[in-house]
Amino acid sequence: MTEQEQQLKVHRDAIDAIDAQVLELLNQRAQHAHTIGEIKGGGIVYRPEREAQVLARIRELNQGPLSDETVARLFREIMSACLALERPLTIAFLGPEGTFSQAAAIKHFGHAAATQACASIDDAFRAVEARAADYVVAPVENSTEGAVGRTLDLMVSSPLKICGEVVLRIHHHLLRASPTKDGIKRVYSHAQSLAQCHEWLNRNLPAEVERVSVASNAEAARLASLDPTAAAIAGDAAAEKFQLVKLAENIEDEPNNTTRFLVLGYQDVSKSGRDKTSLVISAPNKPGALHALVEPLARHGVSMTKFESRPSRTGLWEYLFFVDVESHASDANLIAALDELRSTSAFVKVLGAYPQAVL
Ligand SMILES: C=C(O[C@@H]1C=C(C(=O)O)C=C[C@H]1O)C(=O)O
C-alpha cells in the first residue's frame, strides 16, 4: 500500500464507522417519529410548526464545515422519510411534472412525499378540498411579476387554510433539443417567464422569433423537445425531464428572482415562534377606508410584511386587501386588532397562521 493509499484508508475506515453510527441514529430517530405517530392516534401526523422548529434548531446548532442551508436540506429529507413511515403525504401542484410548483412542493415536503400534477391551480385546490390529496402548493407572488391573482381569488372562498410558505429562487434557461441557437423560429414559455426574461430575449434573439405563451414552463419544454425549430424558457427540472440542452443559463432579467408559494390543507397550525398570519379584508371604495383598515393593526403593534389589493369579484365590496402580518393568529395583539376590524369591515377572513419559511 502506498503512503497515499494508507492515508486514504484511515479516513475511509473512519467514514465507515461514522456511517454505521449515523445509520443507527437515523433509525432510532425514525422509531421515535413512528411512536409519536402512534401517540397522535391516527390523526394528522404532519406538524409544520414542529418541522420549522427542528430545521431552525439544526441551523443554530450547526458548526460547519457544512453550511446551514445544506444541513437544513439534509434534515428536511430525514423528516420527510420519517413522516413517510406513517403514510407518504400527497401534494397537489400545478403540473405537469417539472414545474417550479413541483420543485417548491419537494423543497417543502422532501422527496418522500408523493406529488400529484394537476391541470390548473383550481384543480390542485379541488384535489385537496375533495381529500384526494393532503396539501396543495400554489404560487402566490413573484418578486418581479407580483401577485398570482388566481391563487388569491381561490383562497377567498376555499375552506382550506394556509399552513406553510415556501420561497424558491427561480432560474430560467433557454432550452432546446439541439445545441445551437441557429434556426429558432419560436420560444415557448409561461407568460410570466416570458415577462421575466423579456430584456434578455430582446438582446439575444432576433426580433422575428415568436414568443408563444403556454400553460406552464414544463409544457413549453415538452413542446420544444418535439419541435426542432423551437426553444423553451424553463428551469432545471423541466430541462432534465425533457433532456434539453441549456443554450443559455440564468437568463432572468432580475438576478434575485424568487417566487413565494403557499401550502394549504385542512389544518390549523400551532405557534412555532416565528410565524405569519395571512388575512383578507374588504374595504369600501371611500375616503379613509384604507386607513381604517391599517390603523388597528398598527395600534396593536402587529407588523405587516405584505399588503396587496385586488378588486372584489363578487361586486359586494369594492376591494379586497390581502395582508400578511408577522404574528400568529393566536397572539393577543392580533386577536384584538381582528376584533376591531370585524366590527368595521364587511368581510374579514383569516387565511391561515403558519411558520415562516426556514429553508
Ligand atoms: C415526529 C413528529 O411528527 C412529524 C415528524 C417530524 C420529525 O421527523 O421530526 C416532525 C413533525 C411532524 O411532521 C412530531 O410531531 O414531533
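Numbering of ligands and ligand atoms starts at 1, following listing order. Throughout, residue positions are numbered sequentially from 1 according to the sequence presented.
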(message) Arg176 vs Leu244, test: side-chain contact (heavy atoms from CB on, under 4.5 Å). Steps then yes/no.
(response) CA-CA 5 Å; Arg176 200 182 184 193; Leu244 296 171; 5.8 Å; no
(message) Please list all pairs meeting side-chain hydrogen bond (donor to acceptor under 3.5 Å, both in side chains) that have one or both residues in residues 51-61, counting only residues at least two apart or in different chains.
(response) Glu51-Arg76
(request) Return each pair, listed once, that meets salt bridge (Lys or Arg N to Asp or Glu O under 4.0 Å) where at least one residue sits in residues 211-222; pairs must be two or more places apart or across chains. (result) Glu219-Arg222
(request) Give a yes or no answer on whether the side chain of His328 reaches the backbone of Val269 with a donor-acceptor pair at less than 3.5 Å. (result) yes
(message) When you measure from the side chain of Asn142 to the backbone of Thr258, do you find a donor-acceptor pair of N or O atoms at a distance under 3.5 Å?
(response) yes
(request) Report the hydrophobic cluster partners of Leu83, with the cluster defined as I, L, V, M, F, W, Y residues connected by side-chain heavy atoms closer than 4.5 angstrom, directly or transitively. (result) Ile44, Val45, Tyr46, Leu89, Ile91, Phe100, Phe109, Tyr135, Val137, Val166, Leu168, Ile170, Phe261, Val263
(request) Write down, by chain and number, every protein residue that brings a non-hydrogen atom to less than 4.0 Å from an atom of ligand 1. (result) Arg29, Ala33, Ile36, Lys40, Val45, Tyr46, Arg47, Arg50, Glu51, Met79, Cys82, Leu83
